[in-house]
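All residue numbers in this chain count up from 1 along the given sequence. As the structure is a computational prediction, the values presented were derived from the model and not from experiment.
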Amino acid sequence: MRVLVTRPQPAASRTAAELRRRGHEPLVLPLAVAEHHAVALAEALAQPHAGIAVTSAEAIRALATIGPLPPPLFEETLFAVGESTASAAAKLGFRRIIAGDNDGTTLARMIVGHGPTQGEAVPLLYLAGKPRSPGFEAALGEFGKPVTVCECYRMRPRALTAAEIAETIGRDPVDAVLLYSSESARRLFNPPVVELLSERTSSARMLCLSEKIATALPAQFRAKAKAAPSPNEASLLSLL
């Protein structure tokens with residue numbers, strides 16, 4: 001099966017390796033590239049905070065770019081949205097990690113259940129990206145949990161060319177497209193990407209990490225969309 005992988009690097013290469021292991025042909029075409037903001041991150045870490053929250057492993061990769069990190073940082077409690085993000089944090093050196101189930105609202109509930117909320121003097125530090133879903137921050141606000149947001153990375157759309165698409169995909173049609181975020185779903189069907197890809201993806205199945213991502217697709221493609229039973233890659237790849 002010819003499978004289009006739209007997620008950014010380096011995650012795209014890991015997904016491609018797993019697809020090859022399963023006997024599929026991965027077509028790696030990241031729709032965005034990460035830009036890390038090391039200065040903003042260093043400034044945020046220097047301010048008092050009662051733990052760290054991350055909803056993407058990209059935030060951990062941003063942390064890794066700012067040079068040697070102070071050893072006390074690795075003793076702080078880090079709340080990770082899911083196991084893959086938690087694994088990235090552990091590899092960097094964090095020791096006190098609490099992992100959620102890949103859902104921002106659920107992670108917010110876990111954080112609130114872990115300590116004081118209303119009247120707490122020191123805020124949680126959220127290492128966030130842009131753009132991002134507002135669900136995690138909205139849930140923390142509803143629970144009265146103080147939080148400082150540091151936008152430590154930005155996912156910048158890649159300017160795809162007809163030559164790159166032709167080299168990556170070739171002339172044969174794509175059987176399935178993997179979509180890991182609502183933003184990727186929107187980018188895939190924005191001009192000029194949609195015009196460059198339309199002939200090759202017109203009959204492809206749109207496999208989405210969640211129902212929310214499926215709803216971000218244009219109406220005419222939702223009939224071909226299917227959401228993973230659970231919001232993790234193993235569940236997503238089970239749809240192939």
Side-chain angles (χ1 to χ4, degrees), residues 1-36 54-66 78-94 97 99-104 107 127-133 152-158 160 164-165 167-170 174-188 193 197 201 204-210 212-214 216 225-240:
M1 189 177 295
R2 304 183 81 235
V3 184
L4 182 61
V5 181
T6 62
R7 68 192 314 197
Q9 293 287 16
S13 292
R14 292 196 298 270
T15 297
E18 177 60 20
L19 288 170
R20 290 190 193 94
R21 190 188 70 80
R22 294 174 181 232
H24 302 297
E25 179 185 355
L27 309 168
V28 178
L29 194 69
L31 299 180
V33 61
E35 295 178 343
H36 298 150
V54 289
T55 54
S56 170
E58 198 60 53
I60 303 299
R61 286 189 280 273
L63 267 176
T65 67
I66 64 174
L78 184 140
F79 298 92
V81 72
E83 288 296 339
S84 61
T85 305
S87 176
K91 289 178 181 176
L92 188 60
F94 283 91
I97 303 170
D101 63 355
N102 292 292
D103 177 76
L107 180 65
L127 304 183
K130 185 178 180 179
R132 63 183 179 276
S133 169
C152 63
Y153 67 93
R154 172 179 177 263
M155 300 309 298
R156 176 174 56 80
R158 293 183 65 237
L160 298 176
E164 181 182 3
I165 290 174
E167 181 180 355
T168 301
I169 300 178
V174 173
D175 298 305
V177 178
L178 301 181
L179 294 168
Y180 288 77
S181 71
S182 298
E183 200 62 35
S184 290
R186 285 187 282 269
R187 290 188 184 115
L188 185 67
V193 177
L197 285 171
T201 59
R205 291 188 298 148
M206 301 292 159
L207 306 183
C208 306
L209 194 65
S210 69
K212 181 180 178 182
I213 296 169
K226 190 166 186 180
S230 301
N232 57 67
E233 185 171 68
S235 182
L236 178 63
L237 297 184
S238 74
L239 300 177
L240 291 169

For this session: Run the numbers on M1 and R205 for side chain to side chain contact (heavy atoms under 4.5 Å, CB included), then give the verdict.
Result: CA-CA 11 Å; M1 189 177 295; R205 291 188 298 148; 3.9 Å; yes

Exercise. Closest approach of A214 and A225, non-hydrogen atoms and distance?
Worked result: CB-CB, 4.2 Å

Seminar exercise, completed: Here the pair of heavy atoms bringing L107 nearest to A80 is CD1-O, 3.5 Å

For this session: Starting at OH of Y153, measure out to OG1 of T65 and round the result to the nearest 0.5 Å.
Result: 13.0 Å

Problem set entry | Atom pair CG (N232) and OG (S210), whose distance is rounded to the nearest 0.5 Å | 11.5 Å

Exercise. Without hydrogens or angle criteria, can the side chains of T15 and R7 be said to hold a donor-acceptor pair below 3.5 Å?
Worked result: yes

For this session: May I ask you to decide whether E233 forms a salt bridge with R14, counting only side-chain N to carboxylate O separations under 4.0 Å?
Result: no

For this session: Taking all heavy atoms of L160 and all of P30, pick out the closest pair and write down the distance.
Result: CD2-O, 4.0 Å

Exercise. In terms of side-chain heavy atoms, does S84 have a donor or acceptor partner in S87 at a distance below 3.5 Å?
Worked result: no

Exercise. Residues in side-chain hydrogen bond (donor to acceptor under 3.5 Å, both in side chains) with E58, at least two apart?
Worked result: H36, R61

Problem set entry | Distance in Å, L127 CG paired with T55 OG1, rounded so as to fall on 0.5 Å steps | 9.0 Å

For this session: State which residues pass side-chain hydrogen bond (donor to acceptor under 3.5 Å, both in side chains) with D103; sequence neighbours excluded, sorted by chain then number.
Result: T106

For this session: Check step by step if side chain to side chain contact (heavy atoms under 4.5 Å, CB included) holds for F79 and V54.
Result: CA-CA 6 Å; F79 298 92; V54 289; over 6 Å; no

Problem set entry | Chi angles and distances behind the side chain to side chain contact (heavy atoms under 4.5 Å, CB included) call for R22, L240 | CA-CA 10 Å; R22 294 174 181 232; L240 291 169; 5.6 Å; no

Problem set entry | Any donor-acceptor pair under 3.5 Å from S181 side chain to S184 backbone | yes

Exercise. Hey, does L178 have a side-chain heavy atom less than 4.5 Å from the side chain of L19?
Worked result: yes

Exercise. Do E164 and L29 have side chains that get closer than 4.5 Å, going by heavy atoms?
Worked result: yes

Exercise. Do V174 and L197 come within less than 4.5 Å of each other through their side chains, counting heavy atoms only?
Worked result: no

Problem set entry | Non-hydrogen atoms of L188 and V177 that approach each other most closely | CD2-CG1, 3.9 Å

For this session: Return the minimal non-hydrogen interatomic distance between P8 and A32, and the atom names on each side.
Result: CB-O, 3.6 Å

For this session: Would you give the length of the straight line joining atom CG of L179 to atom SG of C208, rounded to the nearest 0.5 angstrom?
Result: 5.0 Å

Problem set entry | Between CZ on residue R2 and CD on residue E25, distance to nearest 0.5 Å | 4.5 Å

For this session: List the atom of V3, the atom of H24, and the distance in Å for their closest heavy-atom pair.
Result: CG2-CB, 4.2 Å

For this session: Spell out, as yes or no, whether a donor-acceptor pair under 3.5 Å connects the side chain of Q9 to the backbone of S13.
Result: yes

Exercise. At what distance, to the nearest 0.5 angstrom, does OG of S56 lie from CE of M155?
Worked result: 7.5 Å

Exercise. Mind checking whether I60 and L78 have side chains closer than 4.5 Å, heavy atoms only?
Worked result: yes

For this session: Apply the test side chain to side chain contact (heavy atoms under 4.5 Å, CB included) to residues D175 and L4: give CA-CA distance (whole Å), side-chain angles for both, the deciding distance (0.1 Å), then the verdict.
Result: CA-CA 8 Å; D175 298 305; L4 182 61; over 6 Å; no

